[in-house]
Structure formats: C-alpha cells, structure tokens
Amino acid sequence: MRFPRRLILTATLAATLAPFALAVPQARAQEPNQILNASYDVARELFDAENKQFEPAYKAKTGKEIKVNQSHAGTSKQARSIVEGLEADVVTFNQITDITFLVDKGFVAKDWQSRLPNGSSPWYSFPAFLVREGNPKNVKNWDDLVRDDVKLVFPNPKTSGNARYTYLAAYAFALEKFNGDVAKADAFAKKLLSNVVVFDTGGRGATTSFVEREQGDVLITFEAEVIGVKDAYKDKKFQVVVPEVSLLAEFPVAVVDKVVDKRGSRQIATDYLTYLYSPEGQKVAAEFNNRVVDPKVAEEFKAKFVPVRLLKAEDVFGGWANAQKTHFASGGKLDELFVAP
C-alpha cells in the first residue's frame with residue numbers, strides 16, 4: 001500500500017532518534033525513579049511490552065532504575081483526569097484533540113507536535129471489523145453495518161477517541177458513496193449509531209461486550225485490537241474484516257509539561273517517548289499489530305497487514321479541530337444523530 005507521505009520518517013530524523021540518546025547521568029541525580037504514562041484503553045498489553053523493553057534499556061544507558069507506570073481509559077476521560085489532578089508525565093493517546101484539550105488547559109506546550117517525528121505520532125492504525133466465525137452476516141464494508149439485521153459494538157463517541165474514529169470513518173465513507181451529499185451522510189451515520197447494541201465508555205469495554213458477553217455481530221475498533229482479539233481467542237474463530245477504505249488513526253504522544261516541570265521528570269519523559277521511535281520500540285508496536293513509521297521495521301512486518309485506502313481527517317473534515325467543532329462539540333452533529341440503545 002502507499003503510505004501517506006507524512007508517515008515516513010526522514011533519514012535525518014531516524015538517525016537522530018535511533019541511538020536513543022540520553023542525558024548524562026550526573027544531570028539526573030535528583031530525577032524521580034518513576035513516571036506515569038496515561039494512555040488509551042486498548043493499549044494495556046502494548047505498553048506493558050514497551051515498558052519491559054524500555055526500563056532495562058534506560059538502566060543500561062544511565063545506570064539508574066526507572067519504572068513506567070500505566071493508566072488506561074478512554075483518552076478524553078484521561079485528558080480530563082489530568083486536568084483534575086492525575087500527574088501523568090506523558091500521554092500516549094489515540095486522538096489529537098485530546099492533547100489539544102491539554103494544550104488549551106495549559107498542561108502541554110503548543111509546540112508539542114514539532115518535538116518528535118511524524119507530528120509526534122510513532123505509529124498508526126484505523127477502524128476495522130471483527131466478526132464471528134464464518135462471518136454469518138457477510139460483512140465486507142461500511143455499507144453492511146447499516147443493514148437492519150446487523151448489530152454493532154463500539155464505544156461511546158462522547159468518551160472514546162476510538163469511537164470517534166469509527167464514527168468519522170463511517171461518515172467519510174458515506175460522503176464518498178453519496179458524492180458529498182451531507183443529508184445522506186447524516187442519515188447513514190444515524191443508522192449506524194442506531195445499530196449499536198451497547199456503548200461502552202472505552203475500546204476495551206467494547207471488546208469485552210463483544211467477546212465475553214457475546215453481544216452484537218460486529219466489533220468495530222482499531223485494526224491493532226481487532227487482530228489481537230482474533231489471535232487471543234483462537235477457539236472462537238473470529239474473522240478480521242478490513243474495509244476497502246477507512247480513516248487514518250494516528251496515535252499522538254506528548255510530554256505533559258506542567259507535570260514534568262513540577263516533578264523534575266522532563267528528560268526521562270522525553271527519553272521514554274523517543275524510545276517509542278527506536279527500532280526496538282517500533283518492533284514492539286508492530287508485534288502488537290500497529291502499522292509503524294520506521295521504514296525498515298514497516299518492511300519487516302508488511303506481510304502482516306492487508307492493503308487499505310486511508311482517508312485523512314484533514315482532507316475530509318478540514319482537520320481535527322474542525323471535526324471536533326462540527327461533530328463532537330456540545331450541540332454538534334453527533335448530538336443530533338446519536339440514538340441511545
């Protein structure tokens with residue numbers, strides 16, 4: 001597949017990040033020995049694996065012990081928790097607007113996207129489908145999700161960045177299908193939302209509802225989660241369905257400036273996020289079914305992923321800020337179309 005140009009690391013940036021450069025240990029004597037990463041709901045296993053790699057690498061470079069603690073929830077909930085007092089040194093989110101919220105509240109610097117490559121997004125994914133054994137409803141594309149006989153499971157778009165990607169991916173598909181007819185796209189999105197049997201607050205809750213409670217015919221979540229669930233529950237013989245077109249889901253990361261300046265953890269936090277771009281960090285992400293931005297690692301894992309045409313929020317919706325205002329703000333389009341089960 002052809003990757004969006006901005007997803008490719010330049011040689012200069014790759015060379016800068018690859019060594020996982022750390023400040024001299026003498027400058028770090030008073031730093032804390034723990035940091036907190038506030039992350040999205042379905043990334044528990046991913047960051048458990050990343051941390052197990054980072055912690056010994058950090059000790060080998062600096063001689064100091066470090067522990068990376070984790071907090072997981074829907075990213076909008078995480079962002080609000082930080083404003084309310086959760087002292088996260090870094091955020092690894094799945095939507096830019098939740099970091100923008102922290103910028104607006106004075107917790108993250110305005111230049112956060114320029115601090116790391118690829119707009120501070122070390123990997124990407126997109127909404128895909130998980131169906132039950134044999135794909136009994138013959139689900140192939142977004143069109144099938146608005147049929148009366150197909151019941152869906154995905155999180156609440158009001159609390160989950162994961163779900164907002166699903167909503168926007170479906171809306172973008174409808175705009176293409178109906179040649180930009182907004183009224184028809186609205187009707188498509190409203191029907192999609194009405195077919196959801198349960199709106200959990202986050203992606204992992206939605207997975208639990210589909211897998212363990214056996215609700216719905218289709219789980220819609222990030223491709224990384226879809227593949228992971230299929231592999232984890234081999235006895236259930238779930239099938240992955242990648243639609244022909246979906247919406248690019250970037251996973252932005254940022255140092256929480258207000259917290260790290262208070263705790264003296266800025267360099268550790270920066271090192272941690274930088275590590276996610278290293279070949280080692282990228283391999284872990286790819287092993288957990290994320291599509292990574294390091295060209296060599298992406299090539300190594302390319303057989304794992306099927307081609308998909310990815311639309312971008314910037315192209316379809318005029319960027320995330322505009323999508324937030326139009327669709328997700330109080331009184332926006334989502335409020336007009338949302339039908340609770």
> Does the Lys NZ or Arg CZ of K158 fall within the cation-pi geometry relative to F338 - under 6.0 Å from the ring centre and within 45° of the axis?
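Yes, K158 and F338 form such a contact.
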> If I take atom CG from residue L248 and atom CG from residue D315, how far apart are they, to the nearest 0.5 angstrom?
10.0 Å
> Which value, rounded to the nearest 0.5 Å, describes the distance between L334 atom CG and L193 atom CG?
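CG of L193 is found 6.5 Å from CG of L334.
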> Mind checking what makes side-chain contact (heavy atoms from CB on, under 4.5 Å) contact with A128, not counting sequence neighbours?
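Result, side-chain contact (heavy atoms from CB on, under 4.5 Å) vs A128: F126, E223, V226, P243.
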> When you measure from the side chain of S121 to the backbone N and O of F251, does any donor-acceptor pair fall under 3.5 Å?
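Looks like yes, one N/O pair under 3.5 Å.
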> With rounding to the nearest 0.5 angstrom, report the CZ to CG distance, R147 to D144.
5.0 Å
> Looking at R132 and D217, does any basic side-chain N land under 4.0 Å from a carboxylate oxygen?
no
> For this output row, return yes or no: ring centroids of Y275 and Y58 closer than 6.0 angstrom.
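So the answer is no for these two rings.
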> Examine distances only and state if a side-chain atom of Q282 and a backbone atom of P122 form a donor-acceptor pair shorter than 3.5 Å.
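Pair found, side chain donor or acceptor close to backbone of P122.
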> Tell me, yes or no, whether the heavy-atom count around D111 atom CG, taken from other residues, nucleotides or ligands under 6.0 Å, exceeds 12.
yes
> Does S330 offer a backbone N or O that forms a donor-acceptor pair with the side chain of D335 under 3.5 Å?
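Side chain of D335 to backbone of S330, a donor-acceptor pair under 3.5 Å: no, none is there.
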> Using modelled atom types and a 3.5 Å cut-off, is there a donor and acceptor pairing between side-chain atoms of S120 and backbone atoms of A254?
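Absent.
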> Atom CZ in F173, atom CZ in F178: separation rounded to 0.5 Å?
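Going from CZ on F173 over to CZ on F178, the span is 7.5 Å.
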> Dump the intermediate steps for side-chain contact (heavy atoms from CB on, under 4.5 Å) on Q113 and I96, then the final yes or no.
CA-CA 9 Å; Q113 280 189 286; I96 289 173; 3.7 Å; yes
> Is any side-chain N of the basic residue among E299 and K302 closer than 4.0 Å to the acidic one's carboxylate O?
yes
> Would you confirm whether Q53, through its side chain, and G281, through its main-chain N or O, come within 3.5 Å as a donor-acceptor pair?
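No; zero donor-acceptor contacts below 3.5 Å.
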> Hey, are the side chains of F222 and N289 touching, using non-hydrogen atoms and a 4.5 Å cut-off?
no
> Run the numbers on I82 and V256 for side-chain contact (heavy atoms from CB on, under 4.5 Å), then give the verdict.
CA-CA 9 Å; I82 290 169; V256 184; 4.3 Å; yes
> For the aromatic rings, using the six-membered ring if either is Trp, is the centroid distance between W320 and Y165 under 6.0 Å?
yes
> Is there a side-chain contact between T221 and L130, using heavy atoms and a 4.5 Å cut-off?
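Side-chain contact under 4.5 Å: no.
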> Is the shortest side-chain heavy-atom distance between V284 and W123 below 4.5 Å?
no
> Are there more than 12 heavy atoms of other residues, nucleotides or ligands under 6.0 Å from atom NZ of K304?
yes
> Can you give me the closest heavy-atom contact between A206 and V153, atom names plus distance?
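Distance-wise, the nearest heavy atoms are O-CG1, 3.4 Å.
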> Determine, for K333 against D186, whether the closest basic-nitrogen to carboxylate-oxygen distance falls under 4.0 angstrom.
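Yes, charged N to carboxylate O under 4.0 Å.
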> Verify the distance criterion only: is there a donor paired with an acceptor across the side chains of N33 and K64 at less than 3.5 Å?
no
> Table please: side-chain donor-acceptor pairs of residues 229-240 below 3.5 Å, with sequence neighbours left out.
residue: Q239; atom: OE1; partner: G134; partner atom: N; Å: 2.7
residue: Q239; atom: OE1; partner: N135; partner atom: N; Å: 3.4

> So do the side chains of H72 and V42 get within less than 4.5 Å of each other, counting heavy atoms only?
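Side-chain contact under 4.5 Å: no.
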> Quick one about S71 and Q78 (side-chain donor to acceptor, distance below 3.5 Å, no hydrogens or angles considered), yes or no?
yes
> Nearest 0.5 Å please: distance from the CG atom of D200 over to the OG atom of S209.
3.5 Å
> Going by salt bridge (charged side-chain N to carboxylate O under 4.0 Å, His left out), name the residues that satisfy it together with K184, two or more places apart in sequence or in a different chain.
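Salt bridge (charged side-chain N to carboxylate O under 4.0 Å, His left out) list for K184, sorted by chain: empty.
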> Just by distance, do the side chain of S265 and the backbone of I268 share a donor-acceptor pair under 3.5 Å?
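Pair absent, no side-chain N/O of S265 close to backbone of I268.
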> Nearest 0.5 Å, what's the CG-CZ distance between L152 and F210?
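Separation between the atoms: 10.0 Å.
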> By the salt bridge (Lys or Arg N to Asp or Glu O under 4.0 Å) test, which pairs, at least two apart or in different chains, include something from residues 89-103?
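Qualifying pairs, neighbours excluded: D89-R263, D98-R164.
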> If you apply the rule salt bridge (Lys or Arg N to Asp or Glu O under 4.0 Å), what do you find for R204 with E225, and how did you get there?
CA-CA 9 Å; R204 186 50 54 87; E225 174 83 345; 3.2 Å; yes
> Please check if the side chain of S125 supplies one atom and the backbone of N290 the other of a donor-acceptor pair under 3.5 Å.
no
> Between S160 (side chain) and N156 (backbone), is there a donor-acceptor pair under 3.5 Å?
no
> Please evaluate residues V253 and V90 with respect to the criterion side-chain contact (heavy atoms from CB on, under 4.5 Å), reporting the C-alpha separation (whole Å), side-chain torsions for both, the decisive distance (0.1 Å), and the verdict.
CA-CA 7 Å; V253 302; V90 299; over 6 Å; no
> Report the residues that fulfil ring-ring contact (aromatic ring centres under 6.0 Å, His included) with H327, sequence neighbours left out, ordered by chain and then residue number.
Y167, Y171, F317
> I'd like to check the salt bridge (charged side-chain N to carboxylate O under 4.0 Å, His left out) partners of K325; sequence neighbours left out, ordered by chain and number.
none
> Please determine whether side-chain hydrogen bond (donor to acceptor under 3.5 Å, both in side chains) holds for the pair Q34 and N69, giving the CA-CA distance in whole Å, both sets of side-chain angles, and the decisive distance to 0.1 Å.
CA-CA 7 Å; Q34 297 188 38; N69 298 310; 2.6 Å; yes
> Apply side-chain contact (heavy atoms from CB on, under 4.5 Å) to residues Q70 and D48 and explain how you reach the verdict.
CA-CA 8 Å; Q70 290 294 135; D48 181 60; over 6 Å; no
